[in-house]
Protein chains: 2
Amino acid sequence: MPPRTSSPMPNNKSSSVTMDAVYTAPGYLFRRMQQIAVALFMEECKAFDLTPVQYAALIAISTHPGIDATRLSAVIAFDRSTLGSVIERLEAKAFIERKPAPEDRRVKLLHLTRAGAAVLRDIMPSVDQAQLRMLQPLKPADRKTLLGLLTQLVDLNNEASRVPLRAEDALEHLGKSG
Amino acid sequence: MPPRTSSPMPNNKSSSVTMDAVYTAPGYLFRRMQQIAVALFMEECKAFDLTPVQYAALIAISTHPGIDATRLSAVIAFDRSTLGSVIERLEAKAFIERKPAPEDRRVKLLHLTRAGAAVLRDIMPSVDQAQLRMLQPLKPADRKTLLGLLTQLVDLNNEASRVPLRAEDALEHLGKSG
DNA sequence: TCCATATTGTCAGTATGCTGTCAATCTCAA
DNA sequence: TTGAGATTGACAGCATACTGACAATATGGA
């Protein structure tokens, strides 16, 4: 357990600032937890050659076959520019295919390949295991509480994000209903 | 508020997987929240030319004058390789200085410059404002709960991190006491 | 003393993440 | 119908993150 280096430790000279300015900041804690989450995901899923971002993209393409990159970015709330290279890598691994859209020559439609569907099916247990391990150290009731509050917070801060989640965009490629 | 695209929406054909596999995963939520946190930090602090990571590093150098890069990485739990370029950028902005250590020619000691101390002093209110805004959407009691659970979780998962926090390392440059 | 081993900073390579720009293309209103 | 404006994918540039490797240097034990 890392010691809380706060006021009783006299390791700051003239300044009155302590490391608590960092350690207790929500932003710092979210960053640390995200890094831990990625580390656990990669550890559990190292057999599958998929990153967390690639996994989320693959799920979304599986759920929305024929979606285009822009709408995909809205569905998983990932940056559109970043997504370009993610898609490129998924295509290089032959997990997805990109086909030009007949009605709009700007758009490229995304589809899972057979291999992509297989990886997705096979990786599931490992992903679940990783998600479990992240919250494992907490008591079950606390896990529920944290997950609930976190879900609320992400939801309520949606518009503060650079790329707000717009799940309804996912339906547009199936004939405009939003 | 983004709609929860769950089972009632018939937008998946043959697969039984829905986007809930992503939306309800703690890892996904931590990623989203981290991105929101960075966006809010950058928005509040855009006048100061400091990123969240650079801010944390600057605080740590301020609190531990004469620390070296390896120990700094342990104190803020940031990757040692990444920290190299962070330090480089802080030095380029003249916020810190790097001096060779007399007793160990491998080591370069880090010190705040006058300009670095000034930025740190001036940016504080904006950082605090950003940290406030992240939790703002929650009721005060819920903010406390979330922050408490998050702190616990990061603490208990410390060893799962690639770069575990080792606050005690910070004291070693002041004459071995850990 | 000398060598195996460890540590430090650095670098190359890969993968996000964000800002901005750009050409190709599409849409819609005048 | 045509031209202004929007959209799409691509790209350049910067800033994290992590892996693995490497040379220079330190250290401790044989």
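All heavy atoms count here, side chains included; hydrogens, waters and symmetry mates do not. Chain letters run A, B, ... following the sequence lines, proteins first, then strands; residues in each count from 1.
- Residue B:Thr51 is classed as a sugar-phosphate contact, given heavy-atom separations below 4.0 Å to backbone atoms only.
- Closest to the B:Val86 side chain, of the nucleotides C:dT25, D:dG9, D:dT16, is D:dT16.
- Distance CD (A:Glu88) to P (C:dA15): 10 Å, rounded to an integer number of Å.
- Between A:Arg89 and C:dT16 there is a side-chain N or O to OP1 or OP2 distance below 4.0 Å.
- Under the 4.5 Å side-chain criterion, counting only non-hydrogen atoms from C-beta, B:Met33 is in contact with A:Leu150.
- Taking atom CD1 of residue B:Ile67 and atom P of nucleotide C:dG9, one finds them 10 Å apart after rounding to whole Å.
- A residue-by-residue look at A:Asp49 and A:Ser161 shows that A:Asp49 has its nearest nucleotide of DNA chain C further toward the 5' end.
- At whole-Å resolution of the value, CZ in B:Arg80 and P in D:dT19 are 12 Å apart.
- In this structure, OH on A:Tyr55 lies 7.0 Å from CZ on A:Phe41, to the nearest 0.5 angstrom.
- Closest approach of A:Thr18 and B:Ile59 over heavy atoms only: O-CG2, 4.2 Å.
- Here the nucleotide nearest the side chain of A:Thr82, chosen from C:dT8, D:dG9, C:dT16, is C:dT16.
- Nucleic acid contact class of B:Ser81 (heavy atoms, under 4.0 Å, all strands): base.
- Side-chain atoms of B:Arg105 stay outside donor-acceptor range of the base of D:dT25, with no qualifying N/O pair under 3.5 Å.
- D:dA10 atom C1' lies 14 Å from atom CD of A:Glu91, rounded to whole Å.
- Both A:Ile36 and B:Lys93 sit near DNA chain D, but only B:Lys93 has its closest nucleotide nearer the 5' end.
- As rounded to whole Å, 15 Å separates atom C1' of D:dC18 from atom CG of A:Leu40.
- How far CG of B:Leu29 is from CD of A:Gln152: 12.0 Å, rounded to the nearest 0.5 Å.
- Ranking D:dG9, C:dT8, D:dT7 by closeness to the A:Thr70 side chain, first place goes to D:dG9.
- Across all strands, B:Val38 comes closer than 4.0 Å to no nucleic acid atom at all (heavy-atom distances).
- Side-chain nitrogen and oxygen atoms of A:Ser85 include none within less than 4.0 Å of the OP1 or OP2 phosphate oxygen of C:dT16.
- The existence of a salt bridge linking B:Arg133 and A:Glu159 is excluded, since no basic side-chain nitrogen approaches an acidic carboxylate oxygen closer than 4.0 Å.
- The nearest whole Å value for the distance from the CG atom in A:Leu90 to the P atom in D:dG9 is 15 Å.
- Distances shown here put a side-chain N or O of B:Gln54 below 4.0 Å from the OP1 or OP2 atom of D:dT16.
- At whole-Å resolution of the value, CG in A:Leu109 and P in D:dG9 are 9 Å apart.
- C:dA12 atom C1' lies 14 Å from atom CG of B:Asp79, rounded to whole Å.
- A donor atom on one side chain and an acceptor atom on the other are not found under 3.5 Å apart for B:Asn157 and A:Arg32.
- Within the 4.0 angstrom heavy-atom criterion, only backbone atoms of the sugar-phosphate kind lie near B:Asp104; the bases stay farther away.
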